[in-house]
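A note on names: the letters A, B, ... follow the listed sequences, proteins ahead of strands, and every chain is numbered from 1.
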Number of protein chains: 2
Amino acid sequence: MTREPKGNPVVLDAAARAVLQIFWDKSDEARALDEMRCPVRDILDRVGDKWTLLILIALSRAPQRFSALQRAIGDISKRMLTQSLRTLERDGLVSRQVFPTKPPSVEYALTAMGESSLVPVVALVSWASAHHDAIRASRRLYDTLETAPL
Amino acid sequence: MTREPKGNPVVLDAAARAVLQIFWDKSDEARALDEMRCPVRDILDRVGDKWTLLILIALSRAPQRFSALQRAIGDISKRMLTQSLRTLERDGLVSRQVFPTKPPSVEYALTAMGESSLVPVVALVSWASAHHDAIRASRRLYDTLETAPL
DNA sequence: CGGGGTGGTCTACTTTTGAGACCATAGGCC
DNA sequence: GGCCTATGGTCTCAAAAGTAGACCACCCCG
């Protein structure tokens, strides 16, 4: 069995690969320390929150109020919207301002840091739209093979 | 109350902002069609899977076998690892090859498309490590204010 | 001949999420 | 004057998803 020499096609340059080393660093020592959790895991817990990125994108054009956000995203429950916004606020990506109108309205906006997070988000969305067709094709193929009669 | 004119600080250029329009496009018409789901939602469902990105990163250096992956990630259950790998395989980001050794071993590797996904992932991780300190500082501040005595 | 490593699956148990009721207030409509 | 709407949430309960760990068949190593 001549296994191909391990290694993937080269797409990333050395600097880019170095960035991903952060992930492996944590494996060595910082595993137990929550305080010193590697940024990868820490931030991926946010990004890995289904709604976080959606909220960031929804706020990318302009500040929005709570219910406008809910309408924009569509299928998010109030509960998760509240929770995600709180987390985002705590992390300093989103600001929350209450206007003492008759029924008080609350406006959420990206902070400077939140705005800066859009840069990688755009990269992600670009990649997603560029490969969406290929992915859907791959899924169809996979499902066909799985369902295929023996 | 002089509300600031709506709009966020300018960080993204016009092209980048155009990319994010994809999100709003879906709101108009494709809302009901699962088949035509906008790429944003579709791919964010993957990214929004807590483990997907971690697996991609773990595979970024070299192909890995199932149990090596589990050890690398650490706190993922077999169940979720299996499930996430299947999804990734179905989406065409990861390939699965079985070697008929004594106890059969299975090697997972990034496909070309999977490799290309590392580009935005690197962007994300870069951003994460660059802002990790600021985020933790923001959390501390937030928690202090919340816990503060009236 | 027992223990460990292979890649998973299956079955509980636990945590997270979603759907919807509820709240106080006020404005517009008729 | 009533009624419905909208505001931003919180609360509760049911459903969905995730975790932990047993189990499996197989073989090598000691």
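A salt bridge links D133(A) to R136(A): one of the charged nitrogens lies within less than 4.0 Å of a carboxylate oxygen.
S138(A) places a side-chain N or O within donor-acceptor distance of the main-chain N or O of R90(B), the cut-off being under 3.5 Å.
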Solution key, residues 116-123 of chain A side-chain donor-acceptor pairs under 3.5 Å, sequence neighbours excluded:
from    : atom 1 : to      : atom 2 : distance (Å)
S116(A) : OG     : M113(A) : O      : 2.7
S116(A) : OG     : W127(B) : NE1    : 2.9
S116(A) : OG     : H131(B) : NE2    : 3.4
S117(A) : OG     : G114(A) : O      : 2.5

Open item on the list: Generate the contact string for nucleotides 9-30 of chain D. Rules: B means base contact, S means sugar-phosphate contact only, - means no protein heavy atom under 4.0 Å.
Closed with: BB-------BBB------S---

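For A68(A), the side-chain contact (heavy atoms from CB on, under 4.5 Å) partners two or more places apart in sequence, or in a different chain, are Q64(A), R71(A). Checked against side chain to side chain donor-acceptor pair (under 3.5 Å), R96(B) has the following partners two or more places apart in sequence or in another chain: Y108(B). R79(B) is linked by a salt bridge (charged side-chain N to carboxylate O under 4.0 Å, His left out) to nothing, counting only residues two or more places apart in sequence or in another chain.
On the nucleic acid side, DNA chain C contacts chain A at distances under 4.0 Å to non-hydrogen atoms, with the end points of that region at dT17(C) to dA26(C).
Separating the CD atom in E115(A) from the CG atom in L12(B) is a distance of 6.5 Å, to the nearest 0.5 Å.
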